[in-house]
Amino acid sequence: MLIKKPKSYELKENKVTDEKIYQDRRSLLKKMGYLGAGTLLSSSAQAGVFDLFSKDEAKTFSTKSLTFAQDKNRDEQILTPENKVNSHNNFYEFGTKKSQPLELSQGFKVDPWQLTISGEVDKPFTLSYDELFSQFPLEERIYRLRCVEAWSMVIPWLGFSLAQLLKKAQPNSRAKYVAFETLYDPKQMPGQKSRRLGGGIKYPYVEGLRIDEAMNPLTLMSVGLYGKTLPPQNGAPIRLVVPWKYGFKSIKSIVGIKLVERMPPTTWNRLAPKEYGFYANVNPEVDHPRWSQASERRITSGGLFARNRIETLPFNGYGEQVADLYKNMNLRKYY
Ligand code: MTE
């Protein structure tokens with residue numbers, strides 16, 4: 001087994017949870033065949049993980065419902081309770097209200113699935129449902145997620161870096177951007193056939209990154225959270241997580257990743273270009289035209305009126321790892 005030294009961006013598990021919960025979760029991860037934050041699996045160990053991490057088994061490895069105290073000190077990050085992570089969602093394909101994705105996505109079929117990597121690459125390929133979990137070593141990453149609507153969470157994701165997936169396809173010199181696409185299946189996704197339910201979005205939902213943003217080690221393809229496969233409402237079976245950008249960049253239920261030469265269209269930019277840019281880096285100094293981005297409401301177990309307003313940090317606190325990507329850019333213009 002290859003032991004990886006934790007990188008500076010990885011919130012250490014024992015910093016985010018109390019000791020008892022930390023130990024419980026580590027034994028759960030061990031049972032599943034791998035250790036989380038700070039540990040990478042060798043490819044020989046992966047088969048074991050996949051055996052346990054299949055859709056049927058995943059349910060039996062459920063963590064108990066955990067509640068955590070409020071995040072009083074910005075340095076001491078506290079995991080958002082699992083029952084908040086999977087019940088307060090934005091997934092307009094299943095409705096625009098926060099509670100609708102959980103209510104309306106439970107029959108969503110993720111197996112069979114196909115994720116195709118194509119475009120300006122020498123080796124295009126397609127992954128099946130099983131291959132999403134077995135082609136790359138899975139690791140746990142605890143990241144802050146900051147929605148453009150000014151709420152935030154701290155989530156333990158499972159996944160692999162997008163860079164590994166892209167390298168396998170061997171991008172050519174014309175590959176300047178990466179375009180992502182969500183499944184289009186109005187029979188299963190009621191928001192795609194109803195303007196009212198789907199918020200007036202033109203589906204499929206699409207997103208994009210510049211190639212250097214996509215290759216940054218922080219950029220994660222997630223297949224799970226809290227030690228289990230992703231629930232449908234969080235973007236099963238595979239989604240993007242870009243922790244230094246507003247949450248709408250973290251596109252869910254992806255079927256297509258295409259390397260392209262020109263900046264691809266993105267859903268929210270297309271809908272309201274003055275409000276949502278292509279870059280969408282978390283920036284407390286650039287307000288949304290209709291509200292301030294200087295602070296955020298951290299979702300905790302405390303309910304709507306808990307005192308959990310905290311300052312928003314530039315690049316959502318990941319500036320040390322990503323600020324260089326934008327060093328000569330005017331971030332007011334390229335919001
Ligand atoms: N992906 C798709 N396909 N459809 C969506 O509506 N919402 C985005 C993003 N990915 C969205 C999406 C927004 S606005 C946010 S904040 C995050 O997903 C929310 O992720 P979560 O529900 O897992 O917290």
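Atoms considered below: every heavy atom in the structure, side chains included; atoms not considered: hydrogens, waters and symmetry mates. On a predicted model such as this, the values are computed, not experimentally measured, just so you know. Along the sequence shown, residues carry numbers from 1.
Side-chain contact, Glu131 with Ser134: no donor N or O sits under 3.5 Å from an acceptor N or O. Inspection of the Arg309 and Ser295 side chains reveals an N or O donor paired with an N or O acceptor under 3.5 Å. Thr312 and Gln293 share no side-chain donor-acceptor pair at under 3.5 Å.
Checked by atom type and distance alone, the side chain of Ser105 never pairs as donor or acceptor with a backbone atom of Phe108 at under 3.5 Å. Side chain of Ser87 to backbone of Asn83: a donor-acceptor contact under 3.5 angstrom is found. Here the side chain of Asn216 pairs a donor or acceptor atom with the backbone of Leu218 at under 3.5 angstrom. At distances below 3.5 Å, at least one donor-acceptor pair connects side-chain atoms of Gln106 with backbone N or O atoms of Leu102. Checking side-chain atoms of Asn269 against main-chain N and O of Tyr276 turns up a donor-acceptor pair under 3.5 Å.
Cluster membership for Tyr184 and Ile201, using ILVMFWY side-chain heavy atoms within less than 4.5 angstrom, is shared. Hydrophobic clustering, with ILVMFWY side chains joined whenever heavy atoms are under 4.5 angstrom apart, keeps Val206 apart from Met221. Hydrophobic clustering (ILVMFWY, side-chain heavy atoms < 4.5 Å, transitive): Trp151 and Val286 are in distinct clusters. Hydrophobic clustering of Ile, Leu, Val, Met, Phe, Trp and Tyr side chains at less than 4.5 Å, counting indirect connections, keeps Trp291 apart from Tyr335.
Rounding to the nearest 0.5 angstrom, the gap separating the OH atom in Tyr129 from the CH2 atom in Trp113 is 10.5 Å. In this structure, OG1 on Thr182 lies 8.0 Å from CD on Gln192, to the nearest 0.5 angstrom. Taken to the nearest 0.5 Å, the CG atom of Asn308 stands 7.5 Å off from the CD1 atom of Ile299. From Leu132, atom CG reaches atom CD1 of Ile238 across 4.5 Å, with rounding to the nearest 0.5 Å. With values rounded to the nearest 0.5 angstrom, Asn89 atom CG is found 11.0 Å from Cys147 atom SG. Residue Glu181 holds its CD atom at 9.0 Å from OG1 of Thr267, rounded to the nearest 0.5 Å.
Across all non-hydrogen atoms, the minimal contact from Tyr226 to Leu79 is OH-CB, 3.5 Å. Residues Pro217 and Ser161 share a closest heavy-atom pair of O-CB, 4.0 Å. Here the closest non-hydrogen pair linking Glu120 and Val260 is CG-CA, 4.3 Å. Residues Leu166 and Ala214 approach most closely at CD1-CB, 3.8 Å, considering heavy atoms. The two atoms that bring Ala236 and Ser253 nearest to each other are O-OG, 2.7 Å, heavy atoms only. Contact between Asp287 and Ala294 at its shortest, heavy atoms only, is OD1-N, 4.2 Å.
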Stepwise side-chain hydrogen bond (donor to acceptor under 3.5 Å, both in side chains) test for Arg146 and Ser152: CA-CA 4 Å; Arg146 167 59 159 87; Ser152 64; 5.9 Å; no
Candidate pair Trp268 and Glu275, rule side chain to side chain contact (heavy atoms under 4.5 Å, CB included), full reasoning: CA-CA 8 Å; Trp268 283 97; Glu275 302 194 355; over 6 Å; no
Intermediate values then yes/no, side chain to side chain contact (heavy atoms under 4.5 Å, CB included), Gln114 and Leu127: CA-CA 6 Å; Gln114 288 201 323; Leu127 297 178; over 6 Å; no
Residues Tyr203, Glu93; criterion side chain to side chain contact (heavy atoms under 4.5 Å, CB included); working and verdict: CA-CA 8 Å; Tyr203 291 102; Glu93 285 86 338; 3.6 Å; yes
Residues Leu158, Leu225; criterion side chain to side chain contact (heavy atoms under 4.5 Å, CB included); working and verdict: CA-CA 5 Å; Leu158 288 172; Leu225 58 82; over 6 Å; no
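Counting heavy atoms of neighbouring residues, nucleotides and ligands inside a 6.0 Å radius, atom NZ of Lys109 does not exceed 12 of them.
With contacts defined as side-chain heavy-atom distances shorter than 4.5 Å, the pair Tyr205/Thr266 does not qualify. Ile117 places a side-chain heavy atom less than 4.5 Å from the side chain of Leu259. You'll find the side chain of Thr229 reaches within 4.5 Å of the side chain of Phe133, heavy atoms only. At least one side-chain heavy atom of Phe180 sits under 4.5 Å from a side-chain heavy atom of Ile257. Using a 4.5 Å heavy-atom cutoff, the side chains of Leu115 and Ile254 are in contact. Thr80 is not listed as a side-chain neighbour of Thr300, based on a closest heavy-atom distance of 4.5 Å or more. Residues Tyr177 and Ile211 have side chains not in contact (no heavy-atom distance under 4.5 Å, counting atoms from C-beta outward). In this structure, the side chains of Val223 and Leu230 stay at 4.5 Å or more apart for every pair of heavy atoms.
Within the structure, salt bridge (Lys or Arg N to Asp or Glu O under 4.0 Å) contacts touching residues 148-160 (residues at least two apart or in different chains) are Lys98-Glu149. For residues 257-274, no pair satisfies salt bridge (Lys or Arg N to Asp or Glu O under 4.0 Å), with sequence neighbours left out.
For the pair Arg144 and Tyr318, the distance from NZ or CZ to the six-membered ring centre is under 6.0 Å and the angle to the ring normal is within 45 degrees.
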Show me the donor-acceptor pairs within less than 3.5 Å that the side chains of residues 239-252 make with the rest of the protein, sequence neighbours left out.
from: Arg239; atom 1: NH1; to: Asn234; atom 2: O; distance (Å): 2.9
from: Arg239; atom 1: NH2; to: Ser250; atom 2: O; distance (Å): 3.2
from: Trp244; atom 1: NE1; to: Asn281; atom 2: OD1; distance (Å): 3.2
from: Trp244; atom 1: NE1; to: Tyr326; atom 2: OH; distance (Å): 2.8
from: Lys245; atom 1: NZ; to: Glu213; atom 2: OE2; distance (Å): 2.8
from: Lys245; atom 1: NZ; to: Tyr279; atom 2: O; distance (Å): 2.8
from: Lys245; atom 1: NZ; to: Asn281; atom 2: OD1; distance (Å): 3.0
from: Lys245; atom 1: NZ; to: Tyr326; atom 2: OH; distance (Å): 3.4
from: Tyr246; atom 1: OH; to: Asn283; atom 2: N; distance (Å): 3.2
from: Lys249; atom 1: NZ; to: Glu207; atom 2: OE1; distance (Å): 2.7
from: Lys249; atom 1: NZ; to: Gly208; atom 2: O; distance (Å): 2.9
from: Lys249; atom 1: NZ; to: Phe278; atom 2: O; distance (Å): 2.5
from: Ser250; atom 1: OG; to: Val242; atom 2: N; distance (Å): 3.1
from: Lys252; atom 1: NZ; to: Asn90; atom 2: O; distance (Å): 2.8
from: Lys252; atom 1: NZ; to: Gln233; atom 2: O; distance (Å): 3.0

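At a threshold of 4.0 Å, the pair Arg210-Asp212 counts as salt-bridged, since one of the basic side-chain nitrogens sits closer than that to a carboxylate oxygen. We find that Lys84 and Glu82 are not joined by a salt bridge, their nearest charged nitrogen and carboxylate oxygen being 4.0 Å or further apart.
In this pair, Phe94 and Phe91 present their aromatic rings perpendicular. The plane angle is above 60°, beyond the 30 to 60° band.
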